[in-house]
Every structure is written in C-alpha cells, then in structure tokens.
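In what follows, chains are A, B, ... by sequence order, proteins preceding strands, each numbered from 1. For the numbers below, each heavy atom of this structure counts, side chains included, while hydrogens, waters and symmetry mates do not.
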Amino acid sequence: MTTYDADGVTLEKVRDYVWEIPQEGGMNRPARVLASEDLLDEISEDKTLQQLKNATHLPGVRKYAICMPDGHQGYGFPVGGVAGIDAEDGCISPGAVGYDINCGVRMMKTNLTYADVQGREEELVDALFEAVPSGLGGGGVHQGTKGDVDAILERGMEWALEEGFAVPEDLEHCEDEGVRHDADPDRVSQKAKDRGKNQIGSLGSGNHFLEVQRVTDVYRDDVAERFGLSEDQIVVLIHCGSRGLGHQVCTDYLRDIEQAHAGLLDRLPDKELAAAPAGSQLAEDYYGAMCAAINFAWVNRQLIMHRTREVFADVFDTTWEDLEMDLLYDVAHNIAKKETHEVEDGEERELFVHRKGATRAFPAGREEVPPAYRDVGQPIIIPGSMGAGSYVLRGGEESLSETFGSTAHGAGRLMSRTQAKQEFWGGDVQDDLREQSHVYVKAQSGATVAEEAPGVYKDVDEVVRVSDALGIGDRVARTFPVCNIKG
DNA sequence: ATGTGC
C-alpha cells in the first residue's frame, strides 16, 4: 500500500487523488484528503491534517471528514473542510462553518466582449471603485434601518426583490433561491445587527473583491452553452460575505456553546471545535442565527451586483438589461445546511453538512438544483488569485457519493498575511499585474494587495484539475481578470 | 474573515 507520511500523520492512498487517515483513538470515523501529491505537500505544511483528524472526533460525524484539494488550516477546522454530521444524534459546530458566514461568490454575465472593454479598463475600474463600498468598517450601498436588517435576516433576497434591488431571475439563479427559510432574526444579537446595519452592500477587506473578467477557455461546450458562457465574453465576479454581522454571530455562539456544552468540549481535542449537540437549544438557536447571516450575505452580494449593473450602464451608455447582465449563479462557501445524504451503511440520513471553504457541487437531478440547471448540474464558481483567473465548473456525478455533494472553493493560501507583507509590496504587485498581464487593480490599502498577491496562493489550475479528475466538479470554463477592486 | 485585541 502506498502511504504518505506527514509530520505525525500517515495517510493511506485509496486511489488517485484520494488519501485516507484511518480511524484510531478518539476518531469516530476516518478522514480523507482529496489531493494530488503536490497539493498534499502543501496541505501537510500547516495544521490542516491534525485539524481534519480532530474534526472526526465530533459526535455523529458520518462516513469521513473530508479535506478538499485547496485545504489549509483555519479556526479549529480546515478551510476546505467538509463534514456531514448527523442532525439527529450529532452536533453543529460554528468553527466548522467559519467566521465569515456565507462568504461566497457570484458570477454575473454580460454580452460584452473583451474588445469592448480594452482601452477602457482604467475608466471602468475607477467607476467601480467609486461606486462599490470596500474596506474595513462601515458604509454600504444601502443605509439600513433596524427594520431593514430584520427583514433582510428573515427574507434574504426576497427583501432585495421587494425593495427594487433585484429581479425575480436573480433569485432563480442563486443557491437556495437567495433565502434560507430556517432563519430566525430573533436569535441574532443586537450587537451583530448594529454591525450589519451600515454594511449592507459592501465588499469588506482581505480576499474579498469585485473583478471584471474575460472568458479565456471553454472545456465543455454543451454545458458552457447552457450556462450562457463563451470565449472572450466579459463577466463579473463578486466575492464577499456577511461582514461584521456574520462575524459577530460566530463570536456570540462560540462563546455561548463553549460555556453551555463544556462537557462535550472536554471530550474534543481542540477547544476551537466547540459544538452544540443536535436537538439542544443552542444548536437550534445557532442554526437560526447562521441562516439569518446567510440571508444577509446574499443581500450583500445582490446590492453590490445591482450597483455594478448601474456602473456598467453608465460607462457603456445603455441599460443593464441591454447588456444582458444576468446572474449565472451565486454559491455559498461557508455554511452548514440540513441535507439528506446516503451515509456509510447505505442509509439516508438528515445531516448538518458543514462546508467551510467548500462549495456545494450537486449534479443533475438533485432537487435543490434550480430548474434552470436541474438537467445539467449546478454551476460552481471557484475564484483564483488576481494573476491566475477563476473557474466555472458544474456539479459532478461523483460528488454525492464522495463529498456529500461538495468540491473546492478557491486556490487556498500558501502563506500567512504577515509573511505575504514581508515578501511583497502592494504597489509593485499592481505594477507587475498591469505591465505583464494587463490586469488593473485598485484597492483601499496597499497592504491588502500585498496580502493577496498571486504568489501567496496555491495553483488554482491544479485544484480544479483534481476536482475534475475525481468527478466531483467538472471543469466548464476558465476566466482571467481584466480589472479588480478590493478593500 | 473581522470596528484585526480577553
């Protein structure tokens, strides 16, 4: 048997790109890493594998905890981690969802081609930077009232539709149709609501961005045609989350769960994995609050998209409808959701599927896939770095049996933000991108550009190649940046 | 990720 020895953890090769950490000690199940050997070399450099092992200690974890090819260490649980945990006798863990609840990405199409924007990149990036709020702190597209925040938390993109920030087709092209009906705004603290009130429609900082891109490659003609994608087409990618509101929800419930379920915590190998037992009051409360934060993030991305449509209409002196600026799809990267899956003994169970830095990747036929894509599989959007472009995939046939219907979410960091700032200088990164790749970057902070330099990320091509080879997410098209705004 | 911290 082929094995891979990382520091303190031995993995057994199951087949190409599938590695297993066998069950031992307090593990309730084995763990699996889906990666090439090159990616595994990177994954094994930080605490990812230990965190993945730790996750299998959570009560009710089913089949195996999984690390995606873009995995790296996170708070308690890997970013790029997936755990399907029994919703009846298991638990729910905020650390396995992440601080930025429903951090995610949407792609909007246009009928413009690269030739239409060439020579106008500067004008476009300036107009977008001016119109779309970004950076740390407050200021959003819409200054919300207390009532707005409650309505957003309760109804998600249905609120945006009522307020004229969306058209019905936007909701039809969003995961969960842009609303989690399990949301309970009363379970979100006033502090979280106050933080969110003036951040409705704002990018934030860190790896969040808005990017105008051109489609460079199409790999599956039939699926690309169904998605409305073709070479040289201009598209817009929006990557952001639930800002301070989601962060506060995570903080609030981590503290409460640590205190109320100290007994369970004592049996876990890492305090950061704090979990509420299924059926407990805090499990219900956290789920309701998390779903509300999910709704907030969808509205956030919707309002940024709405503003982007206005900018394009202005710059190109027409209407967004004439530019056919339609939403391809919006996918969540940091969520937990009740879903029914076949587990290890062939039984169908309701699970809290935790996807932290992982994308739902449902294939054709699955009822949660919206009618527009039910017969081809859902679109999956995987952003790469500023220098590497991004991918559109579609849900693969193997995802339901291998990954609870999930795949990767991005390139994955190679180094810390602190290290990145020592290696790169923002202005140089911007100059290099413009001169070598014709990519126009505008940011609130040079430090953010350094932290997000292309060199701090893993090879997104390799991540997507593994997803495609495993059949969990099939490569459809590749894009490359034209201009990018960020915090 | 984040009014970047208990």
Side-chain angles (χ1 to χ4, degrees), chain A residues 46-48 51 70-81 93-105 133-140 143-144 149 188-200 202-210 238-259 271-272 274 289-290 293-294 296-298 300-301 304 331-336 354-359 383 385 409-422 426 443-452 456-457 486-487:
Chain A
D46 59 21
K47 291 193 288 192
T48 309
Q51 290 186 332
D70 55 337
H72 61 91
Q73 77 178 56
Y75 180 89
F77 185 96
V79 176
S93 172
V97 172
Y99 268 92
D100 191 3
I101 296 167
N102 193 7
C103 177
V105 59
S134 65
L136 283 172
Q143 176 55 51
V149 175
V188 175
S189 69
Q190 193 55 50
K191 191 175 180 183
K193 291 175 185 177
D194 287 342
R195 288 182 72 176
K197 196 169 58 176
N198 60 352
Q199 297 183 326
I200 305 164
S202 63
L203 274 178
S205 186
N207 65 353
H208 291 163
F209 62 79
L210 182 154
I238 296 166
H239 178 204
C240 61
S242 50
R243 302 295 326 276
L245 185 143
H247 192 276
Q248 191 64 46
V249 166
C250 184
T251 304
D252 290 341
Y253 280 95
L254 275 171
R255 186 198 56 210
D256 290 353
I257 290 170
E258 281 166 17
Q259 287 174 0
K271 175 174 173 284
E272 295 181 355
M290 180 200 59
I294 286 171
F296 185 88
W298 274 322
N300 193 26
R301 291 197 284 277
I304 291 168
V331 294
H333 285 165
N334 274 16
I335 55 98
H354 297 66
R355 297 189 183 93
K356 179 187 187 181
T359 318
S385 72
H409 86 304
R413 291 193 81 84
L414 271 176
M415 64 179 84
S416 70
R417 295 184 175 277
T418 316
Q419 197 185 340
K421 278 180 283 197
Q422 288 161 3
Q444 298 284 353
S445 151
T448 306
V449 179
E451 288 169 8
E452 297 300 317
V456 316
Y457 280 98
K486 58 196 336 75

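- Checked against side chain to side chain donor-acceptor pair (under 3.5 Å), Glu451(A) has the following partners two or more places apart in sequence or in another chain: Arg417(A), Lys421(A).
- As judged by a 4.0 angstrom heavy-atom cut-off over every strand, Gln199(A) is placed among residues touching the sugar-phosphate backbone only.
- Rounded to a whole Å, the CD atom of Glu451(A) is 11 Å from the P atom of dT2(B).
- A distance of 11.0 Å separates OH of Tyr75(A) from CD of Gln51(A), quoted to the nearest 0.5 Å.
- Using a 4.5 Å cut-off on side-chain heavy atoms (C-beta onward), Thr251(A) and Arg255(A) make no contact.
- We find that CG of Asp100(A) is positioned 15 Å from P of dT4(B), with the value rounded to whole Å.
- Rounding to whole angstrom units, CG of residue Leu136(A) and P of dG5(B) are separated by 11 Å.
- Taking atom NZ on Lys486(A) and atom C1' on dT2(B), their separation rounds to 17 Å, with Å as the unit.
- Computed from coordinates, the Phe296(A) CZ to dT2(B) C1' distance equals 13 Å when rounded to whole Å.
- Among the heavy atoms of the strands lying under 4.0 Å from Ser205(A) are primed sugar atoms or P, OP1, OP2 only; no base atom is included.
- Among residues two or more places apart in sequence or in another chain, the ring-ring contact (aromatic ring centres under 6.0 Å, His included) test is passed with His239(A) by His208(A), Phe209(A).
- Near DNA chain B, meaning a heavy atom under 4.0 Å from it, residues 243-253 of chain A has Arg243(A), Gly244(A), His247(A) in order of number.
- For the residue pair Asn300(A) and Arg243(A), the shortest heavy atom distance occurs at ND2-CG, 3.8 Å.
- Lys191(A) comes within 4.0 angstrom of a nucleotide base, judged by non-hydrogen atoms across all strands.
- The CD atom of Gln444(A) sits 16 Å away from the C1' atom of dT2(B) (whole-angstrom rounding).
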Show your working on side chain to side chain contact (heavy atoms under 4.5 Å, CB included) between Ser205(A) and Thr448(A) and close with a plain yes or no.
CA-CA 7 Å; Ser205(A) 186; Thr448(A) 306; 3.9 Å; yes
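- One can place CZ of Arg255(A) at 20 Å from P of dT2(B), the figure rounded to the nearest angstrom.
- Across the protein-nucleic acid pair, Ile101(A) atom CD1 and dT2(B) atom P stand 12 Å apart, rounded to whole Å.
- You'll find the side chain of Pro94(A) reaches within 4.5 Å of the side chain of Leu254(A), heavy atoms only.
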